[in-house]
Each structure stands twice: as structure tokens, then as C-alpha cells.
Q: 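Got a structure for you, questions after.
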Amino acid sequence: MIISWNTTRACNLKCKHCYRDAGAKEQRELTTAEGMKLLEEIARSGFKIMVFSGGEPMLRDDIYDLVAYARELGMRPVFGSNGTLITKEVAQKLKDAGALRMGISIHSSTPDHHDELHQVPGSWAAAIEGVKNCLEVGLGVQLHTTVTEPNYDDVENITDLAVELGAEAHHVFFLVPTGRGKELVGEMLTAAHYERLLHRILDKQKMVDIELKPTCAPQFMRIARMKGMEMRFTRGCLAGTSYCVITPNGDVNPCPYLPLKVGNVLETPFDKIWAESPIFKDLRTMEWGGRCGTCDHKDVCGGCRARAYYATDGDYMAEDPWCLYRAGATAAGAGA
């Protein structure tokens, strides 16, 4: 089980695709004491992987204390960061606090697209330096890439960069139009490109030793099965079943791209929300609508609940419109 806490909305960048519309700190964000209490409730709910993200989590002064407490509670602290603030000293402090892996955003194999997407010149070079600083102190790194049409052809090059740098994994995030990401709807992959890139990523996995994982693209599990590939993952979309997110002000959402408020941890303990939310209970039935409900791979995929929500103006149980699969298709045919 994995959970993300957007610890702050503050950020030193202004990324065009940011689902949290980060920049300025929210007027009301969880305090250190409230964060510690939240971590206790998360641990009590059985979550093992604790993702600290944002905004930019390195802008929280108490981030090392929060990491240390998560580790003390028996969880595995990991990060989602833009990497630009990770000096060698910061990397060492994170490692000493108990952080186990840093997810650092790299959206292109060369600076141009990355810096344009982040709207800050030099952000690619600063992120690469952050990666190197982590690795130098023995702190594991995985690269995070948000893919749209402009970097569609660059994904394998970024994987090669991850290998060259010494990263342990490359996770490829498929854009869901929420937050500032709504401005990039015109750059979203077509359904055909979406399917083809999943095939490309899984084919690339056979060529490299690091882990490649499509994210917000649950159909990769169906394609892996059709290719006869064994994966360590059990399901595609985890929203509300073994994953959720806490926003900076304490709201609980099924995933970062599905902004349905199911409760607030300042009003109700998280473990109670996790156990009793009607929306979570709906998601756990896996009784999807349309083709997702009758698909012969629904046990490993589930479709993207966020894309279903946006395509239907609110039905998170509907079929995923970005899936081209039809029952009986072959692995080769599905990617054609």
C-alpha cells in the first residue's frame, strides 16, 4: 500500500503540467504536529510506502523531522521532488533522516523541453545536479517523466539517461488534465500514441536493468500480461484501493488527478476515512461501467479512474476512454 502527502503547495517552479497548481503556500497547511498525527494514522491504516511530495516538499522546514518519524513508524519514506533544491548537504540530511529513494522530475533528455515545461531556465541542469548529489551520498533515485506529445519520442532517451546517471528506476507519468495540466489538453497523447508508448516502454524494459513503470496508465498491466512479462505490480489503477493522496490542507482524494474530497484529516482521523469513505468503498467494488466492467483484464488493469471522471464530467466508475483494447486482441494487434 502506498500513499502520497502533498506536504505543501509552495514551489520554486511553475510547471505547466502541475496537478496541484503549485506556487504559493496555501493559507492553511498541516503543521508539524498535525503532520505527525497524520503519519500515525497512515501507519495505523497499514500503508508501507510514504511519498512526500508537493508542491516542492524541500520547502518545508520540518521535512527531515517528518521523514524521520515516518521511518520510526515503520514506513518507507520516498519523495516526489523537482530536485533543484537538493544540494549535497540536503541529500545527506535526507539520507540521515531515513529517506530511501528520491523521485526527481526529468521531462526530457536535454534541457530545452524540460526548462520550457517548468518555465524556469536552468531547471533541467539543477535537477540533474540534484540527482547526482543524492547518488553521491548513497541515496537512491528514480526519474519521473510526464509525457505529452512534445516528448513522446524522447521517452527511451530519458530511460537511457536514467541508466547513465545510475538511477534505480524510471517512472513515466501519462498526463491527466487537472490543475494547470488542463492547459495542456491539446498536448495529451492520442489514444493510439498512449497504447503504442506503453508497448515501447515494456519493450524497453527488456533491454535495461532498471525498473520502468508507466503511471496513470493502468493498461500497461494488460499489455505486460499479453506479452507474457512478469511484473512485480499487482494492479494498474490503485486509486482508493491501495493508494490515495492527502492535499496540503488535509483533504483526502483517491488520487492526485481525481480531486474528489472524501474527507479531511483535520476533521476526521485518516484511518477512519480510509476505512469508511463511501467513494473508497465504491472504488473497491471494481464494478466499473462500460468496457472496463466487462474487460477480460479488469483484474489487473481497472482503467484510469481519473480519465473516466473527466471524460464523463464526474463518473469515476465509468469506462476509461483512452483504452483501445477490445476483447480477443493480440499483444501485437493492440499496439498497432
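Side-chain atoms are counted along with the backbone in the values below, which use heavy atoms only and exclude waters and symmetry mates.
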Q: Should Glu230 and Arg225 count as an ion pair when the cut-off is N to O under 4.0 Å?
A: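 Salt bridge between Glu230 and Arg225, a charged N being under 4.0 Å from a carboxylate O: no.
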
Q: Is the CZ atom of Arg76 crowded by more than 12 outside heavy atoms at less than 6.0 Å?
A: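 Open.
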
Q: Which distance, rounded to the nearest 0.5 Å, do you find between the NZ of Lys132 and the NZ of Lys88?
A: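 If we round to the nearest 0.5 Å, Lys132:NZ and Lys88:NZ are 11.5 Å apart.
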
Q: Going from CG on Leu198 to CG on Leu189, what distance comes out if it is rounded to the nearest 0.5 angstrom?
A: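 The CG atom of Leu189 is 9.0 Å from CG of Leu198, to the nearest 0.5 Å.
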
Q: Can you find a side-chain donor-acceptor pair between Glu56 and Asn12 that sits under 3.5 Å?
A: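 Result is no, nothing qualifies.
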
Q: Students often mix this up, so state it plainly: with edges at 30° and 60°, are the rings of His17 and His107 parallel, tilted or perpendicular?
A: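 Taking His107 first and then His17, their aromatic rings stand perpendicular (interplane angle over 60°).
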
Q: Evaluate whether atom CE of Met207 has more than 12 neighbouring non-hydrogen atoms of other residues, nucleotides or ligands under 6.0 angstrom away.
A: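 12 or below, so no.
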
Q: Could you tell me whether Asp203 and Arg196 have a side-chain N and a carboxylate O separated by less than 4.0 Å?
A: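 Arg196 and Asp203: not salt-bridged.
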
Q: Carefully, step by step, assess Thr247 and Asn249 under the rule side chain to side chain donor-acceptor pair (under 3.5 Å).
A: CA-CA 6 Å; Thr247 71; Asn249 70 355; 2.6 Å; yes

Q: Could Arg101 and Glu168 be called an ion pair, given the rule that one side-chain N must be under 4.0 Å from one carboxylate O?
A: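 Between Glu168 and Arg101 there is a salt bridge, with a charged N closer than 4.0 Å to a carboxylate O.
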
Q: Between Lys204 and Asp160, is a salt bridge (Lys or Arg N to Asp or Glu O under 4.0 Å) present by the stated rule, with each step listed?
A: CA-CA 10 Å; Lys204 184 70 171 180; Asp160 291 338; 2.8 Å; yes

Q: May I have the step-by-step check of salt bridge (Lys or Arg N to Asp or Glu O under 4.0 Å) for Glu319 and Arg291, ending in yes or no?
A: CA-CA 6 Å; Glu319 70 177 42; Arg291 288 182 294 113; 3.6 Å; yes

Q: Is the closest side-chain heavy-atom distance between Thr159 and Thr145 below 4.5 Å?
A: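 No, every pair of side-chain atoms sits at 4.5 Å or beyond.
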
Q: Is a donor on one side and an acceptor on the other found under 3.5 Å between the side chain of Glu34 and the backbone of Thr31?
A: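 Yes; at least one donor-acceptor contact below 3.5 Å.
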
Q: Check this for me, if you would: do Arg9 and Asp21 make a salt bridge, where the nitrogen-to-carboxylate-oxygen distance has to be below 4.0 angstrom?
A: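 Salt bridge between Arg9 and Asp21, a charged N being under 4.0 Å from a carboxylate O: yes.
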
Q: Do Ser45 and Asp271 pass the side chain to side chain donor-acceptor pair (under 3.5 Å) test, and can you show the C-alpha distance, the side-chain angles, and the key distance before you say yes or no?
A: CA-CA 5 Å; Ser45 298; Asp271 47 331; 5.1 Å; no

Q: Between atom CG of Asp315 and atom OH of Tyr309, what is the distance when rounded to the nearest 0.5 Å?
A: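 Between Asp315 CG and Tyr309 OH, I get 10.5 Å after rounding to 0.5 Å.
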
Q: Are there over 12 heavy-atom neighbours, none belonging to Glu267, within less than 6.0 Å of that residue's CD?
A: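 Yes, enclosed.
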
Q: Measuring from atom CZ of Arg305 to atom CG of Leu258, what distance do you get when rounded to the nearest 0.5 angstrom?
A: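 Rounded to the nearest 0.5 Å, the CZ-CG separation comes to 9.0 Å.
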
Q: Measure the spacing between SG of Cys301 and CG of Asp320 and express it to the nearest 0.5 Å.
A: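 So the gap between those two atoms works out to 7.0 Å.
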
Q: May I have the step-by-step check of side chain to side chain donor-acceptor pair (under 3.5 Å) for Glu40 and Tyr69, ending in yes or no?
A: CA-CA 9 Å; Glu40 293 170 0; Tyr69 195 50; 2.5 Å; yes

Q: Can you tell if the side chain of Pro248 reaches within under 4.5 Å of the side chain of Leu30, non-hydrogen atoms only?
A: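 No, every pair of side-chain atoms sits at 4.5 Å or beyond.
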
Q: For Gln142 and His170, run side chain to side chain donor-acceptor pair (under 3.5 Å): C-alpha distance rounded to whole Å, both residues' side-chain angles, the deciding distance at 0.1 Å, then the answer.
A: CA-CA 5 Å; Gln142 65 186 42; His170 180 203; over 6 Å; no

Q: Determine the sole option in Leu94, Val67, Thr8 for which the side chain to side chain contact (heavy atoms under 4.5 Å, CB included) test with Phe52 is passed.
A: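 With Phe52 as partner, side chain to side chain contact (heavy atoms under 4.5 Å, CB included) holds for just one option, Val67.
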
Q: Under a 3.5 Å distance rule, please check whether Ser277 uses its side chain to pair with a backbone N or O of Trp274 as donor and acceptor.
A: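 Checking the backbone N and O of Trp274 against the side chain of Ser277, no donor-acceptor pair under 3.5 Å is found.
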
Q: For residues Tyr19 and Phe173, establish whether the separation of their ring centroids is below 6.0 Å.
A: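 No - the distance between ring centres of Tyr19 and Phe173 does not fall below the 6.0 Å cut-off.
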
Q: Report the C-alpha separation of Ser123 and Leu13 in whole Å, then their side-chain angles, then the decisive distance to 0.1 Å, and conclude whether the side chain to side chain contact (heavy atoms under 4.5 Å, CB included) test is met.
A: CA-CA 8 Å; Ser123 58; Leu13 303 180; 4.3 Å; yes

Q: Answer yes or no: is there an ion pair linking Glu41 with Lys272, defined by an N-O contact shorter than 4.0 Å?
A: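 Not counted as a salt bridge, because no side-chain N and carboxylate O are separated by less than 4.0 Å.
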
Q: Has the side chain of Ser108 got a donor or acceptor atom that lies under 3.5 Å from a matching backbone atom of His114?
A: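 Yes; at least one donor-acceptor contact below 3.5 Å.
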
Q: Give the intermediate values and the outcome of salt bridge (Lys or Arg N to Asp or Glu O under 4.0 Å) for residues Arg200 and Glu156.
A: CA-CA 8 Å; Arg200 283 168 45 198; Glu156 289 94 337; 2.6 Å; yes

Q: Whether the side chain of Thr7 engages the backbone of Ser53 through a donor-acceptor N/O pair (distance < 3.5 Å, no angle test) should be reported.
A: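 Such a contact is found between Thr7 side chain and Ser53 backbone.
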
Q: Test your reading of the model: is there a side-chain donor-acceptor pair from Arg180 to the backbone of Cys15, 3.5 Å cut-off?
A: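 Yes; at least one donor-acceptor contact below 3.5 Å.
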
Q: To the closest 0.5 Å, what do you measure between CG (Asn6) and CZ (Arg20)?
A: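 The distance works out to 4.5 Å.
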
Q: Leu165 and side chain to side chain contact (heavy atoms under 4.5 Å, CB included): which single residue from Ile106, Val141, Ile128, Ile104 fits?
A: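 So the option named by the test is Ile128.
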
Q: Using the rule side chain to side chain donor-acceptor pair (under 3.5 Å), only one of Tyr325, Tyr194, Trp322 pairs with Gln219; which is it?
A: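 That would be Tyr194; it is the only one of Tyr325, Tyr194, Trp322 passing the side chain to side chain donor-acceptor pair (under 3.5 Å) with Gln219.
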
Q: Should the pair Asp299-Arg235 be classified as a salt bridge under the 4.0 Å nitrogen-to-oxygen rule?
A: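 Looking at Asp299 and Arg235, the cut-off is not met.
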
